[in-house]
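Structure record follows, encoded as structure tokens.
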Amino acid sequence: MGNFCFPIWHLRNCLYYFCFQPLCSNSVPLHSISRVFSKTRVLHSKAMLQEEEGKPSVAAAKLRVPHVLTVAGSDSGGGAGIQADLKACAERGVYCSTVITAVTAQNTVGVQGVNIVVEDFVREQLKSVLSDMHPDVVKTGMLPSPGIVKVLCQSLKEFQVKALVVDPVMVSTSGDVLAGPMMLASFREELLPMADIVTPNLREASALLGGVALETVADMRSAAKSIHDIGPRNVLVKGGDLPASSDAVDVLFDGKDFYEFRSSRIKTFNSHGTGCTLASSIAAELAKGSSVFSAVKIAKRYVETALDYSRDILIGGGQQGPFDHFMKLKGNSMKSTRRPFEPSDLLLYAVTDSRMNKKWGRSIRDAVKAAVEGGATIVQLREKDADTGDFLGAAKACLEVCRHHGVPFLINDRIDIALACDADGVHVGQSDMPVRVARTILGPDKIIGISCKTPEQAEKAWIDGADYIGCGGVYPTNTKENNITVGLDGLKKVCLVSKLPVVAIGGIGISNVKPVMELGAPNLEGVAVVSALFDRESILVETEKLRRVIIDSTKAVK
């Protein structure tokens, strides 16, 4: 595999590829004082020139983002190599640049071809990134020739970084040794002595040590110590394939102490790229300032979680499937069956009340099912007094019902519950988490509604990124204490200002819904109700009746 990086002025001539197997990183000293002073003078001159031209100054950029450079091969299947490194670093909150050493044709069946990038172009990529972007950590994966190893080592001596993480990709999944005697010598003599941590699996550790058998945790400890003697400051021997253990055991040796990291062995075909991902995650944590021990612990925990999440996804027809670094593919598959939020979803908005369900002897699931079958167009689960575990259980049960009927399902206030059950969104109040923060947490595709009483609040809801406004209480209600009513006039004022769809809230039922819907207010799409549905003997019948009145009232206005 190969890596290539190019200056921006060559962009039109370049193809972007992503990596194919585990990476390695190395740590080197900081820049010399003379270079720092020189760059400071240049930066100061550029800043003054930009200020004169009215452009933003580079010097004004205060936030230093943790940065990992991965030097590895591209995996056309996207499961390992550069691709895995980019995804792992992004998930861990670290910027990742790339130097590609080889381009591979591969999929879940195997590798069909490898095209190695020429050494001079690897050198050009390294210089391009290291001279300008100053990554904190370098992580290596597939280094396909002794010449590329030498080029890398020379570049790391010229452009120093905080740490080097080396994932020695030298043995295939089938057990074939990919690195001949010259490559092994290059690793031992040039690269490993520069490494802050090296992360071989059992086969790679065996190859580095001349073919010694590794079958027990004691063997792994011995191998870690022997590899440490070659020169790296830390050695992590990965025991995912250890035959004598029912757990996945990794052994870290820092030159003084041994540490064992154990986790349950996850049975899945979707494990392609785990070595790359683990090493990249370690590099990411080191770039953020973690110690080696903490970086390994966090990285191993992350990989275990991602593997467990991905155990049943299906990509490709082979036996080496990739896993989902962001742990979102299953949720996105479910989302693909959902239509986007529409203002018409607010027509009959059902808001649950657990006290009413207890009064009538109903489960929350049965109550929601009856409301949806009766014609509710959106459901909000409101649980003010429930324990978190009970709230989550109720949310999952209600979400199943709503998904089956294609009805959006929201959580009142609790963003953690919405995330945990993958609800369609949340509804927040003025004193709850701000919409902007909620949007950052939930992402762009979730529904966020906010309660508003004034035109000013309605304008802010639009600016902050809400999807709809709940305006009220329109009438007095006994479901919310000390709730100030806005009346029909207040509702109309909000609707006149709002750029968002509005649902009327508070004290609305079949006896007074007509004046609300016949108000003729722009953007008023429906009503939200609690008691009118859930404090009734038959939720289904009351929902059907209320929906008919709402629709008839809407037609009368038109």
Side-chain angles (χ1 to χ4, degrees), residues 343-357 359-360 362 367-368 370-382 384 407 410 412 427 429-430 449-455 457-458 461 468-498 500-558:
S344 58
D345 291 332
L346 301 174
L347 180 72
L348 179 46
Y349 191 140
V351 182
T352 67
D353 190 303
S354 57
R355 294 169 298 177
M356 295 175 188
N357 291 327
K359 172 183 173 181
W360 292 95
R362 293 185 285 246
V368 168
V372 170
E373 291 178 349
T377 54
I378 189 168
V379 173
Q380 178 191 141
L381 180 63
R382 185 171 67 178
K384 295 296 184 182
V407 172
L410 309 186
N412 179 263
H427 184 91
Q430 290 294 323
I450 182 169
S451 299
C452 297
K453 294 182 182 294
T454 68
Q457 291 174 348
Y468 74 87
I469 287 169
C471 183
V474 177
Y475 303 118
T477 174
N478 57 10
T479 60
K480 197 167 185 180
E481 297 180 359
N482 303 317
N483 188 30
I484 300 173
T485 58
V486 300
L488 294 175
D489 287 342
L491 172 62
K492 190 167 187 177
K493 288 178 182 177
V494 167
C495 290
L496 287 170
V497 168
S498 177
L500 297 170
V502 178
V503 60
I505 300 175
I508 301 171
I510 199 163
S511 64
N512 60 11
V513 71
K514 285 186 67 176
V516 175
M517 296 309 300
E518 293 177 357
L519 192 61
N523 299 332
L524 180 60
E525 299 291 341
V527 298
V529 295
V530 186
S531 303
L533 300 187
F534 295 107
D535 198 11
R536 299 292 187 271
E537 184 175 357
S538 175
I539 295 174
L540 187 147
V541 170
E542 294 300 328
T543 307
E544 291 175 337
K545 289 163 56 179
L546 182 56
R547 181 182 172 114
R548 282 196 297 269
V549 174
I550 293 171
I551 292 174
D552 290 344
S553 301
T554 303
K555 289 178 180 178
V557 174
K558 295 180 179 178

Mind checking the [atom1]-[atom2] spacing from [X] to [Y]? Nearest 0.5 Å is all I need.
| X | Y | atom1 | atom2 | result |
| --- | --- | --- | --- | --- |
| Lys359 | Met356 | NZ | CE | 7.5 Å |
| Gln457 | Thr454 | CD | OG1 | 3.5 Å |
| Asn523 | Leu500 | CG | CG | 8.0 Å |
| Leu546 | Ile539 | CG | CD1 | 13.0 Å |
| Ser498 | Tyr468 | OG | OH | 12.5 Å |
| Lys453 | Cys471 | NZ | SG | 8.0 Å |

Which heavy-atom pair separates [X] from [Y] by the least distance, and what is that distance?
| X | Y | value |
| --- | --- | --- |
| Ser553 | Met517 | CB-CB, 3.6 Å |
| Ala350 | Leu533 | CB-CD1, 3.9 Å |
| Ile505 | Gly470 | CD1-CA, 3.3 Å |
| Tyr475 | Gly507 | CD1-O, 3.5 Å |

- Query: Would you find a donor on one side and an acceptor on the other, under 3.5 Å apart, between the side chain of Asn512 and the backbone of Gly509?
  - Reply: yes
- Message: Tell me whether Lys545 is salt-bridged to Glu542, with the criterion being a basic N under 4.0 Å from an acidic carboxylate O.
- Response: yes
- What's the verdict on side-chain contact (heavy atoms from CB on, under 4.5 Å) for Cys452 and Gln430, showing C-alpha distance, side-chain angles and the deciding distance? CA-CA 7 Å; Cys452 297; Gln430 290 294 323; 3.7 Å; yes
- Query: Among all residues two or more places apart in sequence or in another chain, which pass the side-chain contact (heavy atoms from CB on, under 4.5 Å) test with Lys492?
  - Reply: Leu496, Leu519, Ala521
- Query: Are Val486 and Val494 close enough, and set up right, to give a side-chain contact (heavy atoms from CB on, under 4.5 Å), and what steps lead you there?
  - Reply: CA-CA 10 Å; Val486 300; Val494 167; over 6 Å; no
- Query: Does any non-hydrogen side-chain atom of Val503 lie less than 4.5 Å from one of Glu525?
  - Reply: no
- Query: So do the side chains of Leu488 and Val516 get within less than 4.5 Å of each other, counting heavy atoms only?
  - Reply: yes
Using distance only, find each side-chain donor-acceptor pair of residues 372-381 under 3.5 Å and give its atom names and separation, not counting sequence neighbours.
{"unit_1": "Glu373", "atom_1": "OE2", "unit_2": "Lys369", "atom_2": "NZ", "d": "2.7"}
{"unit_1": "Thr377", "atom_1": "OG1", "unit_2": "Asp345", "atom_2": "O", "d": "2.6"}
{"unit_1": "Thr377", "atom_1": "OG1", "unit_2": "Leu347", "atom_2": "N", "d": "3.4"}
{"unit_1": "Thr377", "atom_1": "OG1", "unit_2": "Leu348", "atom_2": "N", "d": "2.9"}
{"unit_1": "Thr377", "atom_1": "OG1", "unit_2": "Leu348", "atom_2": "O", "d": "3.1"}
{"unit_1": "Gln380", "atom_1": "OE1", "unit_2": "Asn412", "atom_2": "ND2", "d": "2.7"}
{"unit_1": "Gln380", "atom_1": "NE2", "unit_2": "Tyr349", "atom_2": "OH", "d": "2.9"}

- Message: Run Lys493 and Val497 through side-chain contact (heavy atoms from CB on, under 4.5 Å) and show every step you take.
- Response: CA-CA 7 Å; Lys493 288 178 182 177; Val497 168; over 6 Å; no
- Note on the structure: Only residue of Val513, Leu491, Thr485 satisfying side chain to side chain contact (heavy atoms under 4.5 Å, CB included) with Val474 is Leu491
- Task: Decide side-chain contact (heavy atoms from CB on, under 4.5 Å) for Arg382 and Asp353; before the verdict, give the C-alpha distance in whole Å, the side-chain angles of both, and the deciding distance to 0.1 Å.
- Result: CA-CA 6 Å; Arg382 185 171 67 178; Asp353 190 303; 4.2 Å; yes
- Query: What pairs with Phe534 under ring-ring contact (aromatic ring centres under 6.0 Å, His included), at least two apart in sequence or on another chain?
  - Reply: none
